[in-house]
2 protein chains.
Amino acid sequence: MTEVKVDPRIIRTRKLIMDAFMQLVMKKEFKDITIKDITTGATINRATFYYHFTDKYDLLDAVLTENLMTNVLSEIMEHDELNKETLTQIFLSVTKFQTDLSNQCRRSFEAFTSTIEKKLKDALLGIFSNLLRDSYEIEEELCHISAVMLTWAIYGATIDWQQNSQQSPEAYMELALPILMKMYDHPIHF
Amino acid sequence: MTEVKVDPRIIRTRKLIMDAFMQLVMKKEFKDITIKDITTGATINRATFYYHFTDKYDLLDAVLTENLMTNVLSEIMEHDELNKETLTQIFLSVTKFQTDLSNQCRRSFEAFTSTIEKKLKDALLGIFSNLLRDSYEIEEELCHISAVMLTWAIYGATIDWQQNSQQSPEAYMELALPILMKMYDHPIHF
DNA sequence: CAGTTTTTGTCGTTTATACGACAGATAGTG
DNA sequence: CACTATCTGTCGTATAAACGACAAAAACTG
């Protein structure tokens with residue numbers, strides 16, 4: 001597929017930087033992590049950092065897409081029909097990802113949420129759009145609006161569960177599911 | 001102490017090469033390991049190998065002194081008196097090192113023995129010379145000869161135990177010890 | 001608030017590594 | 001034995017990484 005030959009030095013150094021960053025993020029607060037901390041942990045020169053990333057936010061973005069979120073993103077994307085099971089599994093994938101990462105990076109997780117939200121919503125919008133377009137006879141515009149609101153609704157549910165709910169994600173989903181399903185079950189136009 | 005600043009790239013690349021080599025040596029026979037095998041495992045360019053080592057024998061030498069033999073060599077060196085216990089512990093250190101490494105590198109160990117023998121004898125000669133010179137009133141020449149023969153005798157014993165003995169190293173040593181001790185217990189000259 | 005220290009980006013120069021190519025040496029094959 | 005393929009060691013060139021220095025920004029301190 002996309003087999004561009006990348007200089008092995010770049011692969012190694014990027015990995016050194018990312019690994020060092022992930023180590024730091026598990027103990028320190030994101031805002032207290034300096035570039036020097038990262039490059040020291042990676043045993044590379046500080047100037048080299050800027051050869052790979054513009055700043056630590058850029059690095060965070062790369063670490064999320066290339067490491068921390070790869071599993072949850074591929075789990076979200078692997079469904080091929082929009083139904084009960086798909087919605088439930090997506091909800092479970094996202095909530096599990098969030099609780100796991102927040103446990104792993106107790107001090108830094110808060111700083112990640114905004115970037116994570118953006119990436120997850122992108123993924124959700126993408127999969128919902130595709131599934132609606134493929135499986136239902138809906139005009140493009142309606143399809144888009146449904147996907148947008150499904151995305152925000154299910155993502156909002158994961159946040160609410162995380163912050164306000166005492167019950168299991170499965171139990172929470174039993175309440176949310178009927179509402180979500182009504183959002184895309186449009187009568188077919190003639 | 002000897003704190004010369006070494007370019008971190010050199011440290012990292014040397015480690016990559018050595019680690020890859022140690023991985024290979026655990027499964028393959030030394031003579032069947034090519035430079036390409038090593039550099040592929042280390043994810044470095046083949047030409048870079050020659051920047052660090054002249055050939056795979058040079059690499060083997062470095063891996064032995066800097067990794068595989070560091071423990072046994074420091075165990076040998078840490079004694080400060082020539083007596084029963086010292087000789088026994090040295091014998092046990094060496095035999096344990098040999099059996100462990102030979103189990104770890106079943107196919108390659110045979111190719112290592114000559115280099116290992118050289119290094120171990122150097123260490124043994126060094127420690128025996130020092131201990132004899134410090135603790136006994138012996139002329140330098142006698143001291144040297146005693147150290148040489150002690151070295152060969154105890155090293156030969158480890159090889160014999162390894163190849164021909166069914167008993168425990170401790171039991172073997174009970175027989176060898178009295179002979180070894182006679183080798184340096186010279187009457188003091190007046 | 002002023003004064004100090006730390007951190008951030010950036011730059012120029014030096015060094016290490018990547019890469020492809022090469023001839024000679026070794027090994028494998030019919 | 002000849003033939004082919006693989007491996008070795010070396011070279012020149014391009015790129016990445018190291019290093020020290022710098023000014024500006026940010027954070028800290030009294």
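Note on naming: letters A, B, ... go to the chains in the order of the sequence lines (proteins, then strands), and numbering restarts at 1 for each one. Just so it is clear, the values below take in all heavy atoms, side chains as well, and ignore hydrogens, waters and symmetry mates.
In this structure, the CD1 atom of A:I10 is 7 Å from the C1' atom of D:dA16, given to the nearest Å. Atom C1' of nucleotide C:dA18 and atom CD1 of B:I17 are separated by 13 Å, given to the nearest angstrom. Atoms NZ (B:K31) and C1' (C:dA27) sit 11 Å apart, rounded to a whole Å. Distance CD1 (B:I11) to P (C:dT17): 11 Å, rounded to an integer number of Å. Separating the NZ atom of B:K56 from the P atom of C:dT26 is a distance of 13 Å, rounded to the nearest angstrom. In this structure, CG of B:N45 is placed 14 Å from P of D:dA17, rounded to the nearest angstrom. Put simply, NZ on A:K36 is 10 Å from C1' on D:dC19, counting in whole angstrom units. Atom CG of A:D37 and atom C1' of C:dT6 are 12 Å apart (whole Å).
At a cut-off of 3.5 angstrom, the base of C:dT17 holds at least one donor-acceptor pair with the side chain of A:R9.
Between A:K28 and A:D37 a salt bridge is recorded (basic side-chain N to carboxylate O distance below 4.0 Å).
By the 6.0 Å contact criterion, CD on B:E110 is open, its count of non-hydrogen atoms from other residues, nucleotides or ligands being 12 or less. Atom CZ of B:R107 has 12 or fewer heavy atoms from other residues, nucleotides or ligands within 6.0 Å.
Positionally, the nearest nucleotide of DNA chain D for A:D7 lies more toward the 5' end than for the other of A:D7 and B:K5. Nearest-nucleotide mapping onto DNA chain C: of B:T13 and A:F49, the residue sitting toward the 5' end is A:F49. Across the interface with DNA chain C, nearest-nucleotide mapping of A:D55 and B:I44 shows A:D55 to be the residue nearer the 5′ end.
Contact annotation: B:Y50 side-chain N/O to D:dG9 OP1/OP2 distance is under 4.0 Å. OP1 and OP2 of C:dT7 both lie 4.0 Å or more from every side-chain N or O belonging to A:R46. Remark: B:H52 is in phosphate contact with C:dT17, judged by side-chain N or O atoms under 4.0 Å from OP1 or OP2. Neither OP1 nor OP2 of C:dT17 sits under 4.0 Å from any side-chain N or O of B:Y51. A sub-4.0 Å separation between OP1 or OP2 of C:dT17 and a side-chain N or O of B:R12 is absent.
Here the side chains of B:I44 and B:Y51 are not in contact, with every heavy-atom distance at 4.5 Å or above.
At the heavy-atom level, B:R14 lies nowhere under 4.0 Å from the strands shown.
In this structure, B:Y172 has its ring center under 6.0 Å from that of B:F91.
Here the side chain of A:A47 is nearest to one of C:dT8, D:dA18, D:dC19, namely D:dC19.
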